[in-house]
J.: 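Here you go, one structure.
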Amino acid sequence: LLRFPARTPTVAMQFQAVVFLMSFVTAQSKPSYLIFFLDDNGWGDSSINVPDVQETPNMKRLADDGISFSDFHAAAPVCTPSRAGLLTGRTAARTGVYSNFGQESLYGISPTELTMADMLRANGYQTHMIGKWHLGHHAGYHPTYRGFESWLGLPYSNDMGCLDDTPQGCEPYWSRNVSQPACPALCPADDAPRTGQVGIPLYDTKGLNCSNQPCDASIVEQPFNVFELNDRYTQRAVDLIKNFSTDDKPFLLYIGYAHTHTPLMYNPRFENASTRAGRGKIFGNTLAEVDASVGTIYDALRDHGLLNDTVIFLAADNGPADLGSVACEAMGSAGPYTGDWQRSPFGGLGGATLKTTTWEGGHRVVGAAVWHGHIQPGQRSASLASTLDYLPTMLSLSDIQPPADRVFDGIDLSPTLLQEQVILNRTIFIPDGHAMTAMRYKHLKVYRKTSGTMPCVGTADRTVGKPQYHDPFLVFNVTADPSEVYPLQLDSAALAELRSLWHNYNSSVTNTKHSITNYTKGGSSAWPCCSPASSCCRCK
C-alpha cells in the first residue's frame, strides 16, 4: 500500500491507517506541517521527559495536547547528517552526508537527494524555512534551491565564525581574540588582515533560487545579533502563520532553532527566567527563551484557526554537547542515557558519550507530535521512532505517492499517531564518522564500534578511550539498562538475527539509489560574505 522499506508496520496496520487516511483526505484538505527542531538539546532537557525541568512549560503543553515519545531519535548524533536525515527520510549511508559543512564548503547535500520541501511543494504546498540550515550555503545548495520558497536563518551553527556581541554564555574574564569553550571570538576590524575569522551571517531570502540573485545578496546581518535572533525567528513564524490563514494552500514551516547550541544567548528579558544555580542558569535562560518561542508560535496557530489543520512535530538534532570545546555548565542533560560502559575499566576506558557519539544519549532526544482533532491528547508512546519518520509520515497523511526511485529509512508513523499502535519491530541505523556503526532494534542497542569524545571543559578526568570494534556485536537492552552498563550475552540464533538485519540494510544501501557528497572547501573565497571589503565580511 505504501512504498516504504519492508520493516514498516504490518500489512494489517498499514491497511487500517490507509483506509482512515483515504477517508480523511477525500473529506478535507491536506494537512499542513510545522516542525520545531531544537539544537544540542538532550532527552532530559524538557519537562516532557523530566518533570523537574522548569523552563519548558510550552513544550510540555504542546506534548500534552498530543503524543510524546519515550524512545525517540535524531537521524544522527551531529548537526548536518541529522538535518539531512530529517529532510530526506534517509540515513547518512544513502544521502552521503556523514559530517558537517562549514564556512568554506563549496557544496552541500547532493542535488540527487529530494527534501520534504521538494516533495510537498510539488504537490501544492507552500514551503518556508526559519533557522539553521547546515546543508550548504551556495547556489544549488541554499534552502531556496532545495524546495523552500523563503528562508530566514543561519547557514550553519551559531559558533562557526566570529561575533560583534558577547553572548551570556561567554565567561566575562575570557580574552575574545580567539575562540574559547562555548564562545566564539570577536570579529576583527574591517581593515584588519584576513585571519580566518568570518562573521556568522543571517540570511533573509524571500524567493526561490535566491530570487535569481547571488545568494549572499540576501545576507541582512553579518555577524548576526545574538540577543535578537530568537525573537526574529518567532516574529517571522507568526507573520507567516498570519499569511497562511488567508490562503487555501497547505504549508510546510520548518523551524531550526539555534538554541541550545553554544554560544548560549538570549534576549536580556530572559535573564531571570531560570532558577538554576551558578552559570547553569545561563543554559536555563536560553532554554526558557526557545520554549517561549514555541509557545508563541503554537498560540499563533490557534489564534488564526489553523490548529485543526496542522500537524506539529517537536524534536532535536542530537543530544547535549559534552565536547572538549564546550564548558560543562553550557550543556544540557541526556537523562539516564549516559553510555557508562564507555568509561568503565572493563569497557571503553574513558570519554564523553553524548553529541557526536553513537551512544544512546548522542541521538535519543525529545519527541512529540500534535494534531488537534486527530491525535488523541495525553498519549505517551513507547514506539521506537525517529526524525527519519517525518517525511514518510507526511507523504502518507497527505496522500502523496513516494518517489519510486529511492528507499526511505523512516517509516509511516500514522498508526501510532492516529490509532495509538506501538511500533517496536523496526531498525534505526546510526552513523559514526563515515560508517554506520550502531543500530537500534526493538529494545536492543547494537554496536559494531564504540568510542568516546573529549569531555567538556570542567570534567575532572578528560581521558578519551580508544575506539573499539566489536565482533560479535556489543549489545545492551536500553529499556532495562538505559545507561548501557551491562552488555548482553546473546546466543547464536540472536546474533544471527542481528547479522541478518545489518546485512539486509547494507545490501539495500548498495543496491538502491544513494548519493555521494562533495566536501571540497574553497578557502575564504567560499565564505558567505555580505561585504568582501571587510576582513570578516561585516555588513556595512
Side-chain angles (χ1 to χ4, degrees), residues 36-42 44-47 53-62 79 130-132 152-154 156-172 174 176 179-187 199-202 220-221 223-238 255-300 314 316-317 320-321 325-333 366 456:
F36 293 117
F37 204 43
L38 309 174
D39 200 336
D40 285 8
N41 198 259
D45 286 328
S46 169
S47 50
V53 176
Q54 301 297 311
E55 298 92 352
T56 59
N58 291 296
M59 296 184 204
K60 183 64 163 64
R61 173 166 64 102
L62 185 150
C79 301
I130 297 169
K132 177 177 170 180
L152 171 70
L154 306 183
Y156 33 70
S157 299
N158 53 314
D159 65 347
M160 295 178 67
C162 59
L163 297 170
D164 281 344
D165 304 313
T166 299
Q168 291 90 342
C170 295
E171 293 283 359
W174 278 339
R176 296 287 303 289
S179 295
Q180 301 286 344
C183 183
L186 287 170
C187 288
I200 306 167
L202 175 69
V220 292
E221 291 180 0
F224 75 96
N225 185 314
V226 301
F227 307 116
E228 296 179 359
L229 183 69
N230 201 69
D231 284 348
R232 292 191 71 151
Y233 286 174
T234 305
Q235 188 58 53
R236 176 59 56 86
V238 171
I255 306 175
Y257 286 108
H259 294 349
T260 49
H261 197 290
T262 56
L264 298 177
M265 58 193 191
Y266 46 85
N267 188 285
R269 70 179 184 278
F270 287 91
E271 187 58 51
N272 294 306
S274 175
T275 59
R276 300 188 188 204
R279 290 187 64 78
K281 182 176 182 176
I282 296 173
F283 180 89
N285 291 342
T286 305
L287 185 59
E289 184 181 53
V290 72
D291 180 78
S293 176
V294 169
T296 298
I297 296 166
Y298 189 40
D299 289 342
L314 170 71
D317 69 337
S325 60
V326 173
C328 292
E329 68 269 16
M331 57 173 274
S333 168
V366 65
C456 59

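Reckoned from all heavy atoms, side chains included, excluding hydrogens, waters and symmetry mates.
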J.: If I compare all heavy atoms of Pro167 with all of Leu264, which pair ends up nearest, and what's the gap?
T.: CB-O, 3.4 Å

J.: Is Ile282 close to Gln168 at the side-chain level, that is, under 4.5 Å between some pair of heavy atoms?
T.: yes

J.: Any donor and acceptor pair, going by atom type alone, linking the side chain of Arg176 with main-chain N or O of Cys183 inside 3.5 Å?
T.: no

J.: Do side-chain atoms of His261 reach the backbone of Leu38 as a donor and acceptor pair under 3.5 angstrom?
T.: no

J.: Does any part of the side chain of Leu229, heavy atoms only, come nearer than 4.5 Å to the side chain of Leu202, both counted from C-beta?
T.: yes

J.: Find the distance between CD1 (Ile130) and OG1 (Thr234) and round it off to the nearest 0.5 Å.
T.: 8.0 Å

J.: Side chains of Asn41 and Thr260: is there a donor and an acceptor less than 3.5 Å apart?
T.: yes

J.: For Met59, is there any backbone N or O sitting under 3.5 Å from a side-chain donor or acceptor partner on Asp291?
T.: yes

J.: Find out whether Met265 and Leu163 are in side-chain contact, i.e. whether some heavy atom of one side chain is under 4.5 Å from a heavy atom of the other.
T.: no

J.: Only one of Asp231, Asn230, Asn285 passes side chain to side chain contact (heavy atoms under 4.5 Å, CB included) with Asn267; say which it is.
T.: Asp231

J.: Would you indicate whether the side-chain heavy atoms of Asn225 and Asp164 approach each other to under 4.5 Å?
T.: no

J.: Does a side-chain heavy-atom distance below 4.5 Å link Arg61 with Asp299?
T.: yes

J.: Mind checking the NZ-OG spacing from Lys60 to Ser46? Nearest 0.5 Å is all I need.
T.: 8.5 Å

J.: Compute whether any side-chain donor of one residue and acceptor of the other, for Ser293 and Tyr257, lie under 3.5 angstrom apart.
T.: yes

J.: Out of curiosity, Arg276 CZ to Gln54 CD, how far, rounded to the nearest 0.5 Å?
T.: 9.0 Å

